[in-house]
Q: 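Questions regarding the structure given below will be posed in turn.
Owing to the predicted nature of the structure, the values given are computational and were not obtained by experimental measurement. One is the number of the first residue; the rest follow in order along the sequence.
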Amino acid sequence: MTAASDHHREQADEEAINWVILLREEPDAPDVQKEFSQWLAASSHNQEAWKEITRTYQGLGQVAPATLSAPSKTSASTRLPRIARNDDRKQVFSTKRRFVAGGMALAACVVLAPVIYTRLTADAMTGTGETRSLTLEDGSHVSMGPDTALRVAFGPTGREVRLLKGDAWFQVVHDASRPFRVSIGKETRVTDIGTAFEVRALSASVQVQVAEGRVELSRQGRESLFLGAGDGAVVRPANVEHYDVPVADVASWRDGQLVVHDRPIREVVDVIRQYYRGFIVVRNGVGDQRVTGVFDLHDPKAALAAVAHAHEAIVTRITPWVTVLSRG
C-alpha cells in the first residue's frame, strides 16, 4: 500500500468519526443527510471507513445507535446512525449512556489493535503524558515524547531507529562507518550527519527539525533534502514543506512547552493529543488555520482552549473521552 493510499485511509477514518458526531448532533437535518450520502459515495475509502464503524456498532447490541428503519438505497452496512429527539429525563440518560458506551467501543476498535501490534514490536514505549530518556549502545541519546514507540536495530555497518509513533529527540554520536538513521513508515528516512534533531510522526505526515549539524531527509523515489540547524520540514504524501525554526524551540516539549511559529492547527493538536487522555476531533477546516504561540503541555485542556481562542473556534466535550474542536 502506498503512502498516498495510507493517507486517504487515515483521512477517511477521521472523517467517518466526524460524521458519527455530526449525525448525532443533527440527526433530522436533510442537508446533513444529503452531504453524508455524497461523502459516502465519493470514494471506496469512505465506504470502508464507514463499514468499519458500523461493524463496531453491530457488536454492541442495544448500546449501538439505532439505524434508519425505513428501507433506502443505502446498504445496511452503510446506513446513517439516527438518534431520536429526547423528550424526558429518562430518554436523555438512556441516550447518553448509549453514546458513551458506543464511544468507548469505537475507541477500542480504533485504538487497541495498533496498540497491541506496537507493544509487540517496540523496544521502548511511553504512555500519555509520559517522557523517557535513553542512552543507546553507541552512546547516542534519545528523549522520547509522550505516546511514543521505537524499535532499535544496530549492526556492524549501520544503526537504525524506527519511530513507530510519536516524537523523539536525538543527540547522535557520529560514526561515518556506521550511519545513524531514523526511519518512519516505509518511505521516509532521516540520516544523521553529526547532529541533534527531532523527528515527529504526525497523523498524516512526518516532521523533522534540526538544532545542530545536518541531516539528510530522504523519501523513496524522491530527491533527498538536506537540513541544517534552524531548518524544519514536514513530509506529506504529495509534497515537502520547508520552513525556518528557532533552534531554541526545537523539541521544546522537553521543557513542558510547545512553541510554534505559523504552524497548522492540526499539527499543534497532534502534539496535544500525546498529553490528552481521550480523543480530539478537529472539524470544519479548523485544522488548516495557522497559529503562533507558546502552549503549556502540562495542562493539555488549557492548551487546546488556547489554540481554539486564537481563531475564535470552540471546544466541545461530547463525552469524557471525545472532545471536538470546531468553528465558532
Side-chain angles (χ1 to χ4, degrees), residues 6-7 9-11 13-14 17 103-104 106-134 136 141-152 161-170 182-185 188 190 197-209 232 234-236 249-260 263-282 287 295-307 315 317 319-325:
D6 287 340
H7 169 68
R9 290 194 61 181
E10 290 174 358
Q11 181 177 343
D13 290 341
E14 182 174 343
I17 295 173
M104 292 176 65
L106 179 61
C109 174
V110 173
V111 174
L112 290 183
V115 166
I116 293 171
Y117 173 79
T118 300
R119 286 186 178 278
L120 291 174
T121 58
D123 291 319
M125 292 186 64
T126 57
T128 301
E130 176 190 6
T131 61
R132 181 179 178 186
S133 295
L134 304 174
L136 304 180
H141 296 281
V142 182
S143 295
M144 299 174 62
D147 196 24
T148 294
L150 53 83
R151 184 166 67 242
V152 180
V161 174
R162 182 166 292 276
L163 184 63
L164 303 176
K165 66 173 183 173
D167 188 11
W169 158 264
F170 299 89
V182 180
S183 299
I184 313 94
T188 305
V190 181
F197 60 97
E198 174 187 20
V199 181
R200 173 177 286 132
L202 299 168
S203 57
S205 60
V206 175
Q207 184 179 47
V208 181
Q209 298 187 139
V234 175
V235 181
R236 303 184 181 92
D249 295 342
V250 177
S252 58
W253 51 265
R254 293 177 298 156
D255 297 319
Q257 294 183 325
L258 176 62
V259 182
V260 295
R263 302 307 306 158
I265 284 179
R266 75 169 68 87
E267 287 183 13
V268 179
V269 172
D270 273 342
V271 179
I272 294 174
R273 284 188 179 110
Q274 295 175 270
Y275 297 79
Y276 190 89
R277 296 188 183 278
F279 293 95
I280 304 174
V281 179
V282 181
F295 304 99
D296 183 5
L297 294 174
H298 295 301
D299 189 348
K301 291 181 181 179
L304 187 62
V307 171
V315 177
R317 196 175 186 188
T319 78
W321 303 277
V322 180
T323 299
V324 179
L325 178 63

Q: If you take all heavy atoms of G287 and P264, which pair is closest and at what distance?
A: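 Of all heavy-atom pairs spanning G287 and P264, the closest is O-CB, 3.6 Å.
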Q: Between R132 and P146, is there a donor-acceptor pair closer than 3.5 Å when you use the side chain of the first and the backbone of the second?
A: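 No, R132 side chain to P146 backbone: no donor-acceptor pair under 3.5 Å.
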Q: Could you grab the distance from atom CE of M125 to atom CD of E130, nearest 0.5 Å is fine?
A: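 Answer rounded to 0.5 Å: 9.5 Å.
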Q: First locate atom CG of L325, then atom CD1 of I280, and finally report the distance between them rounded to the nearest 0.5 Å.
A: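 Between atom CG of L325 and atom CD1 of I280 there are 8.0 Å.
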Q: With side chain to side chain contact (heavy atoms under 4.5 Å, CB included) as the test, would you mind laying out the steps for V182 and V208 before giving the verdict?
A: CA-CA 11 Å; V182 180; V208 181; over 6 Å; no
Q: Are any side-chain N or O atoms of T148 and backbone N or O atoms of T126, one a donor and one an acceptor, separated by less than 3.5 Å?
A: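 Checked: no pair found.
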Q: Determine the minimum heavy-atom distance between V315 and A305, stating which atoms define it.
A: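 Heavy atoms only, the tightest pair is CG2-CA, 4.3 Å.
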Q: More than 12 heavy atoms of other residues, nucleotides or ligands under 6.0 Å from CZ of R236: yes or no?
A: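 Atom CZ in R236 is packed in, count exceeds 12.
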Q: Can you tell me if R263 uses its side chain to pair, donor with acceptor, with the backbone of V268 under 3.5 Å?
A: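 Checking the backbone N and O of V268 against the side chain of R263, no donor-acceptor pair under 3.5 Å is found.
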Q: Search all heavy atoms of R277 against all heavy atoms of T128 and return the closest pair with its distance.
A: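 Here R277 and T128 meet closest at NH2-O, 3.5 Å.
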Q: Would I272 and F295 count as a side chain to side chain contact (heavy atoms under 4.5 Å, CB included) here? Give the steps.
A: CA-CA 9 Å; I272 294 174; F295 304 99; 5.5 Å; no
Q: Could you state the interatomic distance from OG1 (T131) to OH (Y275), rounded to the nearest 0.5 Å?
A: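 Here the rounded value is 7.0 Å.
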Q: For residues 249-256, which side-chain N or O atoms pair as donor and acceptor with protein atoms under 3.5 Å away, sequence neighbours left out?
A:
from : atom 1 : to   : atom 2 : distance (Å)
D249 : OD2    : H261 : NE2    : 2.7
S252 : OG     : Q257 : O      : 3.0
S252 : OG     : V259 : N      : 3.0
W253 : NE1    : D167 : OD2    : 2.7
W253 : NE1    : E198 : OE2    : 2.8
R254 : NE     : A251 : O      : 3.2

Q: Under the rule for side-chain hydrogen bond (donor to acceptor under 3.5 Å, both in side chains), what residues qualify as partners of T188, not counting sequence neighbours?
A: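 Partners of T188 under the side-chain hydrogen bond (donor to acceptor under 3.5 Å, both in side chains) test: none.
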Q: Can you measure from CG (L202) to CZ (R273) and round to the nearest 0.5 angstrom?
A: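 Between L202 CG and R273 CZ, I get 10.0 Å after rounding to 0.5 Å.
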Q: Begin with the C-alpha distance, continue with both residues' side-chain angles, and end with the deciding distance and a verdict on side chain to side chain contact (heavy atoms under 4.5 Å, CB included) for R200 and V271.
A: CA-CA 9 Å; R200 173 177 286 132; V271 179; 3.4 Å; yes
Q: Kindly compute the distance separating CG (L304) from OG1 (T323), expressed to the nearest 0.5 Å.
A: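 That separation rounds to 7.0 Å.
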Q: Could you give the distance from NZ (K165) to CG (L150), rounded to the nearest 0.5 Å?
A: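 It comes to 11.5 Å.
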Q: With side chain to side chain contact (heavy atoms under 4.5 Å, CB included) as the criterion, how do E267 and V260 come out once you've worked through the C-alpha distance, each side chain's angles and the decisive distance to 0.1 Å?
A: CA-CA 10 Å; E267 287 183 13; V260 295; over 6 Å; no
Q: With a 4.5 Å heavy-atom cut-off, do L136 and V161 have their side chains touching?
A: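 Yes, at least one pair of side-chain atoms sits under 4.5 Å.
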